[in-house]
Every structure is written in structure tokens, then in C-alpha cells.
Amino acid sequence: MSNNINNSVLGDEKTNWKVFTPAAPAYKLEELNNIFIEVTAKNCNQRCSNCYIDFPMSKNIKDFIQIDKIKEAIEDTKFENLYCIYLTGAEPMTHPDFNAILRLCLKRCNVCICTNASFLNEKKIRFLKKVEEEGSNQIFFKTSLAHYNEIESDKVKYRGNYRQTLYALKTLSRYNFNSVLSIQNFYKLNEKEIKEAFNEIFRTQEITNTDLQITISHPDFEDENFAKPSQKTDCMYGRTLCQNGIYTCPFLADDYRGRAGSSFKDYSKTVMAETDFCATCSKNNNYMFAIG
Ligand code: SF4
């Protein structure tokens with residue numbers, strides 16, 4: 001598992017930056033169970049106000065992963081015990097070859113589509129059910145909200161996101177898909193309050209087959225738990241595939257600090273968790289991206 005090497009937190013009063021260093025935990029890849037594919041690096045049909053991506057003004061072919069890259073990754077990991085391939089984004093369903101990518105990944109294992117839900121109308125969901133029924137592996141969905149209150153959630157995401165997400169969850173449920181609703185606890189609400197509120201929403205909206213995942217959005221650097229190593233991080237059980245190589249996790253996709261190698265033939269199995277994103281993981285003490 002992880003090695004705690006006397007963590008400490010430094011603050012810089014002038015810049016107000018907080019740095020998770022110098023002695024960060026080292027996380028070892030225990031088993032490659034999850035692959036996160038950054039299907040499109042910088043393409044989304046929405047603009048959430050809290051999104052960390054700096055979107056370009058126009059589309060570029062380089063924003064989309066090439067399907068050959070995914071074929072190569074699946075071939076290179078054929079002896080690994082993969083549980084799930086996660087299709088992430090920005091918004092993965094904006095990739096022009098999304099359906100082909102989905103079918104390719106489904107031949108290997110279960111697939112989780114991490115989406116803003118805006119493409120999930122009934123026609124699309126019916127189509128995805130047919131795709132799932134072509135084989136034996138399952139499609140899961142991961143959507144997210146920031147609050148159980150529509151106005152507060154949409155302030156963090158985008159206008160209309162709350163309704164689209166609940167509509168998608170309800171329709172997915174009718175088509176017997178399993179989904180996860182990730183609550184990015186931006187407002188630092190009490191977890192019991194979040195669970196009770198959403199359980200009531202699920203009940204009134206007749207949403208079944210949906211699990212809640214509550215993750216913190218910002219670490220509290222003054223909290224003493226912040227410096228404790230996590231028992232379960234995404235980098236202990238997975239790696240992220242981008243067009244230009246392998247990265248430790250989706251947080252650090254295309255970030256030189258998360259670079260693990262150029263392909264699954266040879267990549268780093270150890271992570272020095274020294275970024276501010278790693279601090280979030282340590283505080284959360286569970287997967288931030290994977291489900292289960
Ligand atoms: S941010 Fe990524 S590399 Fe750092 S601890 Fe979390 S999962 Fe691991």
C-alpha cells in the first residue's frame with residue numbers, strides 16, 4: 001500500500017499558494033484494474049463554471065484521441081485483470097468516433113461513460129442499450145452534480161445541468177442501466193444531509209439503479225487529516241491513457257507531473273503524490289474517479 005514519509009504542508013503567505021510537499025506519500029500500482037481514456041482532451045459542448053480545462057476557441061484534431069491508440073493500449077494490457085475502462089473527457093461523447101470507441105472497449109471489459117449527461121436523451125439511451133446487448137460486458141454511467149438544490153448546483157456547473165442529469169438518470173434507470181451520481185461537495189455540506197436529500201429525490205423521481213458517490217472538491221489544507229496517506233487512490237489501481245502517453249490519473253492527464261510513460265508496454269508503477277490534486281485524494285481517502 002502507501003508509504004508515509006513524514007508528510008508536511010507548506011504555505012506561502014505572499015502568494016497564498018499551498019503546496020503538498022516536500023515529503024509526499026508514494027503510491028504503488030497494486031493492480032491495473034482500471035484504465036481511464038481521455039477521449040477528448042479539450043472538447044466539450046458545455047462550459048461548467050468550475051471546470052479546470054482551459055478550452056480553446058476552436059476544435060482541433062489533436063483534441064481527440066485516435067482509435068489506433070486505444071487499440072494498442074487494449075492489446076498491451078491483454079494479460080491485465082481489467083475491471084473497467086472509463087471514457088472521460090472533457091466530454092467523451094463529443095468524439096466523432098465515440099460509438100466505435102465504445103464498442104471496441106466493450107469487447108475487452110465493462111465501460112463507464114463519464115458524462116455531463118447532456119447527450120443522454122431517450123433515443124441515445126435506447127441506442128446504447130442495443131450496443132450493450134451486442135456483448136456480455138456492461139455499460140455504466142457516471143454523472144455529477146454539486147448540490148441537491150437545482151440553483152446552487154447549476155451555479156457550479158452550467159444552467160440546465162441539474163435537470164438534464166436527473167432526466168438522464170431517470171431514463172437510464174428505465175432502461176435498466178446502472179449509474180453513479182458523483183456529488184462534488186463544493187459547498188462542504190454534511191454527507192448525511194446530501195444522502196438524505198438525494199435519496200428523497202431518487203424516490204420521488206423513481207430513479208433506481210443509481211449509487212451516490214460523494215467526493216470533496218477542495219482539500220482543507222489546515223486539516224490535520226490532509227497529510228495522511230490515502231488507503232485507496234485511483235493511481236493504486238489504474239492509469240490514464242491520453243493521445244500522447246500514459247498518466248497516473250485523470251487529474252494529471254497531459255500534466256508532466258503525472259507522466260508515467262509513452263505506452264502500456266513500459267510505464268511507471270510508482271507515484272510520488274506531491275501535487276495539490278494528490279492532496280485532494282489524500283483527504284478524500286477513496287477513489288475520486290473510479291466507481292466501487
Ligand atoms: S492526484 Fe492522481 S497521482 Fe495524485 S494521489 Fe490522486 S490519483 Fe494519485
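Counting convention: from 1, in listed order, for ligands and their atoms alike. These numbers come from the heavy atoms of this one structure, side chains and all, not from hydrogens, waters or symmetry mates. Remember, it's a predicted structure, so these values are computed and weren't measured experimentally.
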- prompt: What pairs with Y247 under ring pair (Phe, Tyr, Trp, His ring centres under 6.0 Å), at least two apart in sequence or on another chain?
  reply: none
message: Run the side-chain contact (heavy atoms from CB on, under 4.5 Å) test against Y167 and tell me which residues pass, sequence neighbours left out.
response: E122, T171
message: Quick check on contacts: which atoms of ligand 1 are under 4.0 angstrom from a heavy atom of Y27?
response: 5 (S)
- prompt: If you take all heavy atoms of F289 and Y86, which pair is closest and at what distance?
  reply: O-CE2, 4.1 Å
- prompt: Is the backbone of C249 close enough, under 3.5 Å, to the side chain of D234 for a donor and an acceptor to pair up by distance?
  reply: no
- prompt: Does a salt bridge link K170 with E206, judged by any charged N lying under 4.0 Å from a carboxylate O?
  reply: no
message: Taking 2.8 Å as the limit, list every protein N, O or S atom around atom 2 (Fe) of ligand 1, by chain and residue number.
response: C249 SG
query: Which pairs with one or both residues in residues 88-127 pass ring-ring contact (aromatic ring centres under 6.0 Å, His included), sequence neighbours excluded?
result: F64-H95
